[in-house]
Amino acid sequence: MTHGVPIKSAEEMKLVRQAGRLAADVLSMVEAFVVPGVSTEALDQICHRHIVDVQGAIPANLGYHGYPKTILTSVNQVVCHGIPAPDKILKKGDIINIDVAVIKDGWFGDTSRMYFVGVPSVLARRLVETTYEALLAGIRQVKPGATLGDIGHAILTVAQREQFSVVREYCGHGIGTVYHDEPQVLHYGQRGEGLKLEPGMVFTIEPMLNAGKRETKELPDGWTVVTKDRSLSAQWEHMVAVTPSGYEVLTPWPEGTGVYTPV
């Protein structure tokens, strides 16, 4: 434990790695079903069956602080925590973030990614691709001796280059046998500031970028968060471990999305 941040042993890393890969597998499996005309409720049921019946794992979100579903489905102007519903039907041109978390042998795996429903608008594609680039920029800062501020600064730099804004109310988090643990990983910051990273630390990096202003609001359901100006929003999330020489992505999508090699 360093500054309240758990340090994982080699044996613990095997367990958290297993959980991370299972979460990533869910996102790969559901991709074929993300098509115009499908309801977010149907996507939730597909993911639930896969986690329980195929993986033999536990859906971590179901019942978490009263959350009623297995996945979170955030469409277009929804920033995060969108609740699947039978009457929420995906249409051509939508963008959607699916966020999934599983528990396997007491360890949590947590990841999310964006999907295009049909052909997106030019703005939507640029937002989604820039948000992914920002995620990678943050990941590439991870190494012993670097700081959390280095991660946030890298993400903010990519977002500002494209004149997108970074949501500040929500952040990445430590993860292991606790779903949301220390440290908090902000997606903005200054180089050299914040916690120094050490091998064995594990946390998520999950930037949310808005096409408009960064301000958000929570809807009356107590979960769904939208952009105040109704602009599009995108998010990607990986679990990352600090290794002796750099980083390891613990939630690599099986089909391969992006390059994680340091540059």
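The basis for the numbers below is simple: all heavy atoms, side chains too, and nothing from hydrogens, waters or symmetry mates.
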Q) Are Leu148 and Leu156 connected in the hydrophobic side-chain network, where two residues link if heavy atoms are under 4.5 Å apart? A) yes
Q: Would you check if the side chain of Thr216 reaches a backbone N or O of Val226 as a donor-acceptor pair within less than 3.5 Å?
A: no
Q) Counting only N and O atoms by type, is there a donor-acceptor contact under 3.5 Å from the side chain of Thr177 to the main-chain atoms of Gly106? A) no
Q: Let me know which of Asp53, Ile51, Ile58, Val52 forms a side-chain contact (heavy atoms from CB on, under 4.5 Å) with Gln55.
A: Ile51
(Q) Using 0.5 Å steps for rounding, measure from the CZ atom of Arg230 to the CD atom of Gln77. (A) 4.0 Å
Q: Please answer whether the main-chain N or O of Gly56 pairs with a side-chain N or O of Lys104 as donor and acceptor at a distance below 3.5 Å.
A: yes
(Q) For a quick test of reading the model, state the closest non-hydrogen atom pair linking Gly192 to Asp150 and the distance between them. (A) N-OD1, 2.8 Å
Q.
Tell me whether Val30 shares a hydrophobic cluster with Val54, the cluster being built from Ile, Leu, Val, Met, Phe, Trp, Tyr side chains joined at under 4.5 Å.
A. no
Q: Search all heavy atoms of Ala57 against all heavy atoms of Pro59 and return the closest pair with its distance.
A: O-CD, 4.1 Å
Q) Using the benzene-type ring in the case of Trp, are the ring centres of His180 and Phe203 under 6.0 Å apart? A) no
Q) Taking atom types as modelled and ignoring hydrogens, do the side chains of Ser233 and Asn210 form a donor-acceptor contact shorter than 3.5 angstrom? A) yes
Q.
Using 0.5 Å steps for rounding, measure from the CG atom of Leu135 to the OG1 atom of Thr130.
A. 12.5 Å
**Q.** Nearest atoms (heavy-atom pairs only) where Ala124 meets Phe116
**A.** O-CE2, 4.3 Å
Q.
Assigning hydrophobic clusters by single linkage (Ile, Leu, Val, Met, Phe, Trp, Tyr; side-chain heavy-atom cutoff under 4.5 Å), is Leu209 placed with Val79?
A. no
Q. Taking 4.0 angstrom as the limit, do Arg113 and Glu206 come out as a salt bridge?
A. no
Q | Heavy-atom pair with the smallest gap, counting every atom of Arg214 and Ser165 | A | N-OG, 3.2 Å
(Q) My understanding is that only one of Leu72, Thr251, Asp44, Val26 makes a side-chain contact (heavy atoms from CB on, under 4.5 Å) with Val100; could you say which? (A) Val26
**Q.** Donor-acceptor pair, side chain of Asn76 and main chain of Ile95, under 3.5 angstrom
**A.** yes
Q: With the side chain counted from C-beta on, respond yes when Thr224 and His81 share a heavy-atom pair under 4.5 Å apart, and no when they do not.
A: no
Q | Side chains of Met239 and Val16 in contact at under 4.5 Å (non-hydrogen atoms) | A | yes
Q. So Arg161 and Glu133, salt bridge (charged side-chain N to carboxylate O under 4.0 Å, His left out) or not? Walk me through it.
A. CA-CA 11 Å; Arg161 185 198 71 206; Glu133 183 185 346; 2.7 Å; yes
Q: Say whether Leu62 and Leu22 are linked into one hydrophobic cluster, either directly or through other cluster members, by side-chain heavy-atom distances under 4.5 angstrom.
A: no
Q: Would you please test Val185 and Thr204 for side-chain contact (heavy atoms from CB on, under 4.5 Å) and show each step?
A: CA-CA 7 Å; Val185 182; Thr204 69; 5.9 Å; no
(Q) I'd like to know if the side chain of Thr147 and the backbone of Glu193 have a donor-acceptor N/O pair within less than 3.5 Å. (A) yes
Q. Can you tell me how far CD1 of Ile139 sits from CD1 of Ile155, rounded to the nearest 0.5 angstrom?
A. 8.5 Å
Q: Please report the closest heavy-atom contact between Ala24 and Pro252, naming both atoms and the distance.
A: CB-O, 3.3 Å
Q) Quick one: does Glu237's side chain get under 4.5 Å of Ile205's, heavy atoms only? A) no
Q) So, Tyr64 side chain and Pro68 main chain: donor-acceptor pair closer than 3.5 Å or not? A) no
Q) Are any non-hydrogen side-chain atoms of Leu43 and Leu90 less than 4.5 angstrom apart? A) yes
(Q) Same cluster or not: Val117 versus Tyr132, using hydrophobic residues (I, L, V, M, F, W, Y) connected whenever any side-chain heavy atoms lie under 4.5 Å apart? (A) yes
**Q.** Worked check of side-chain contact (heavy atoms from CB on, under 4.5 Å) between Cys80 and Met208
**A.** CA-CA 8 Å; Cys80 59; Met208 304 170 199; 4.1 Å; yes
(Q) Strictly distance-based, threshold 3.5 Å: is any side-chain N or O of Thr40 a donor or acceptor partner for the main-chain N or O of Pro84? (A) no
Q | Atom pair NZ/CG of Lys217 and Asp229 - distance to nearest 0.5 Å | A | 10.0 Å
Q: Output yes when a side-chain donor or acceptor of Thr70 lies under 3.5 Å from a complementary backbone atom of His48, and no otherwise.
A: no
Q | Considering all heavy atoms, the nearest Ala85-Ser39 contact | A | O-CB, 3.9 Å
Q: Could you tell me whether the side chain of Thr227 and the main chain of Ser231 form a donor-acceptor pair under 3.5 Å?
A: yes
Q. So Val142 and Ile151, side-chain contact (heavy atoms from CB on, under 4.5 Å) or not? Walk me through it.
A. CA-CA 7 Å; Val142 176; Ile151 297 172; 3.8 Å; yes
Q: Would you give the length of the straight line joining atom CG of Leu232 to atom CZ of Arg126, rounded to the nearest 0.5 angstrom?
A: 11.0 Å
Q. With a 4.5 Å limit on heavy-atom distance, are the side chains of Leu27 and Tyr115 in contact?
A. yes
Q) CD1 of Ile98 to CD1 of Ile46: how many Å apart, nearest 0.5 Å? A) 9.0 Å
Q: Taking the side chain as every heavy atom from C-beta outward, state whether Val38 and Pro36 have any pair of such atoms under 4.5 Å apart.
A: no
Q.
Counting C-beta onward and ignoring hydrogens, is there a side-chain heavy-atom pair between Leu219 and Trp223 closer than 4.5 Å?
A. no
Q. Looking at side-chain heavy atoms only, is the closest gap between Arg168 and Tyr188 below 4.5 Å?
A. yes
Q) Yes or no on side-chain contact (heavy atoms from CB on, under 4.5 Å) for Phe164 and Thr131, after CA distance, side-chain angles and deciding distance? A) CA-CA 9 Å; Phe164 294 142; Thr131 307; 5.8 Å; no
Q) Are a donor atom and an acceptor atom from the side chains of Asp110 and His173 found within less than 3.5 Å of each other? A) yes
**Q.** salt_bridge(Glu41, Lys88) N-O dist < 4.0 Å
**A.** no
Q. Donor-acceptor pair, Asp181 side chain versus Ile175 backbone, under 3.5 Å?
A. no
